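Just so you know, these numbers come straight off a predicted model, no measurement behind them. Atoms considered below: every heavy atom in the structure, side chains included; atoms not considered: hydrogens, waters and symmetry mates. Sequential numbering from 1 along the given sequence is applied to the chain's residues.
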Amino acid sequence: MTRACRAASGDDGFSATEVLVVAAMAITLTVWTTAVFGSTAATVQGDADMQVVHGQVKFARETAINQRRLVEVRFTSPNLIEVIRHNLPNGTTVISSAYLEHHAQFTVFDGVPDSPDGFGRTTPIDFGGSAAVMFTAEGTFVDEDGQPVNGTVFLGQPSRPLTARAVTVFGPTAMIRTYRWNGAAWSR
């Protein structure tokens, strides 16, 4: 009986118009979702890479204080961060190393200004020209001569300015701040 009712009413399937409308809606939704996801993915990836830098710097400071040793933080282009303990009476030990992911690297973008802390933007890793930077047993961030130094590490994915991030360190207190570029200004 059900077949007879369907045959009589003409409900054999979908019309070409109905199929085209559903296909157009699916394509529109896919394009919109891809655009939103791409922007969101860049933000999430940039934040993840910023946290790698922040985590390594924080780990170096805590290790210096806890182990009462100088602990150096070495940034090697394009994307390597090493934490190196200076042993007594001499020698060094690499105690941690990490790479930036998502094709990120230490970089500065044209049109993106210095971070709000204003420590410098001459190079992607800018600690006032210091050859080496490290934390002391008291937690101060210093250069190779033992003088407190401020600085900034800039990072992001090449050709994607919305992934621009900055990590700053204030030498005397070793306060670490992170910043995200939103396309118009730095935000915390």
Side-chain angles (χ1 to χ4, degrees), residues 27-62 71-84 94 96-135 139-145 147-188:
I27 290 170
T28 302
L29 182 62
T30 300
V31 168
W32 181 78
T33 303
T34 302
V36 169
F37 179 73
S39 174
T40 302
T43 299
V44 170
Q45 290 172 354
D47 288 349
D49 290 316
M50 176 178 64
Q51 289 306 318
V52 169
V53 175
H54 179 262
Q56 290 295 303
V57 172
K58 186 176 176 182
F59 172 71
R61 181 177 188 274
E62 291 171 356
V71 176
E72 182 179 348
V73 183
R74 189 175 296 163
F75 301 93
T76 306
S77 289
N79 63 353
L80 174 63
I81 308 149
E82 292 178 300
V83 177
I84 302 163
V94 176
S96 178
S97 60
Y99 289 92
L100 301 177
E101 299 179 350
H102 314 107
H103 307 289
Q105 58 190 24
F106 304 118
T107 188
V108 291
F109 291 94
D110 292 334
V112 176
D114 193 1
S115 73
D117 290 334
F119 295 150
R121 187 184 170 274
T122 307
T123 61
I125 302 154
D126 194 337
F127 291 102
S130 299
V133 289
M134 60 200 79
F135 290 97
T140 306
F141 195 59
V142 299
D143 63 13
E144 63 274 5
D145 297 324
Q147 297 301 311
V149 64
N150 305 324
T152 306
V153 177
F154 295 96
L155 59 135
Q157 298 171 10
S159 304
R160 297 183 78 184
L162 287 179
T163 64
R165 302 293 185 269
V167 177
T168 65
V169 183
F170 180 60
T173 63
M175 180 170 49
I176 306 164
R177 289 188 178 155
T178 57
Y179 295 96
R180 172 193 301 165
W181 181 251
N182 66 15
W186 290 105
S187 63
R188 289 209 56 210

Practice problem: May I ask you to establish whether Arg165 and Tyr179 are in a cation-pi arrangement, using a distance under 6.0 Å from NZ or CZ to the six-membered ring centre and at most 45° from the ring axis? | Solution: no
Quiz prompt | Stepwise side-chain contact (heavy atoms from CB on, under 4.5 Å) test for Phe109 and Leu162 | solution = CA-CA 10 Å; Phe109 291 94; Leu162 287 179; over 6 Å; no
Quiz item: Which distance, rounded to the nearest 0.5 Å, do you find between the CZ of Phe170 and the OG1 of Thr140?
Solution: 10.5 Å
Exercise. Mind listing the closest non-hydrogen atom pair of Pro124 and Val108 along with its distance?
Key: CA-CG1, 3.9 Å
Quiz item: Quick one: does Trp186's side chain have a donor or acceptor within less than 3.5 Å of a partner on Val112's backbone?
Solution: no
Exercise. Evaluate the side-chain proximity of Val53 to Leu100: yes if any heavy-atom separation is below 4.5 Å, no if none is.
Key: yes
Exercise. Identify the heavy atoms of Ser97 and Leu80 that sit nearest to each other, and give their distance.
Key: CB-CD1, 4.2 Å
Self-check item: Closest non-hydrogen atom pair between Thr168 and Ser115, with its separation
Solution: CG2-OG, 3.4 Å
Practice problem: List for me each residue that meets ring-ring contact (aromatic ring centres under 6.0 Å, His included) alongside Phe141, sequence neighbours excluded, and say none if there are none. | Solution: Phe127, Phe135
Practice problem: Using side-chain hydrogen bond (donor to acceptor under 3.5 Å, both in side chains) as the criterion, point out the one residue from Glu101, Gln45, Gln105 that pairs with Gln157. | Solution: Gln45
Quiz item: So, the side chain of Asp117 versus the backbone of Phe119: is there a donor-acceptor pair under 3.5 Å, distance only?
Solution: no
Quiz item: Can you find a pair of side-chain heavy atoms, one from Val71 and one from Arg61, that are under 4.5 Å apart?
Solution: no
Self-check item: Taking every non-hydrogen atom, the tightest pair across Ala48 and His102
Solution: CB-CE1, 3.9 Å
Quiz item: Are Lys58 and Ile176 close enough that some pair of their side-chain heavy atoms sits under 4.5 Å apart?
Solution: yes
Quiz item: With distance as the sole test, does Asn150 use its side chain to make a donor-acceptor pair with the main-chain N or O of Gly171 at under 3.5 Å?
Solution: yes
Self-check item: Set of ring-ring contact (aromatic ring centres under 6.0 Å, His included) partners for Phe106, sequence neighbours left out
Solution: Phe75
Quiz item: If you take all heavy atoms of Gly139 and Ala174, which pair is closest and at what distance?
Solution: O-CB, 2.9 Å
Practice problem: Look at the side chain of Asp126 and the backbone N and O of Arg121, then say whether any donor-acceptor pair between them is shorter than 3.5 Å. | Solution: yes
Quiz item: Can you tell me if Glu144 uses its side chain to pair, donor with acceptor, with the backbone of Ala131 under 3.5 Å?
Solution: yes
Self-check item: Straight-line distance of Ile125 CD1 to Thr152 OG1, nearest 0.5 Å
Solution: 11.5 Å
Quiz item: In a check of side-chain contact (heavy atoms from CB on, under 4.5 Å) between Asp49 and each of Val167, Leu155, Val44, which one passes?
Solution: Leu155
Quiz item: Taking C-beta and beyond as the side chain, do Thr43 and Asn182 meet within less than 4.5 Å on heavy atoms?
Solution: no
Quiz item: Just by distance, do the side chain of Arg180 and the backbone of Gly46 share a donor-acceptor pair under 3.5 Å?
Solution: no
Self-check item: His54, NE2 atom: more than 12 neighbouring heavy atoms under 6.0 Å
Solution: yes
Practice problem: Over all heavy atoms of both residues, which pair between Val52 and Ala98 is shortest? Give the atoms and the distance, please. | Solution: CG1-CB, 3.9 Å
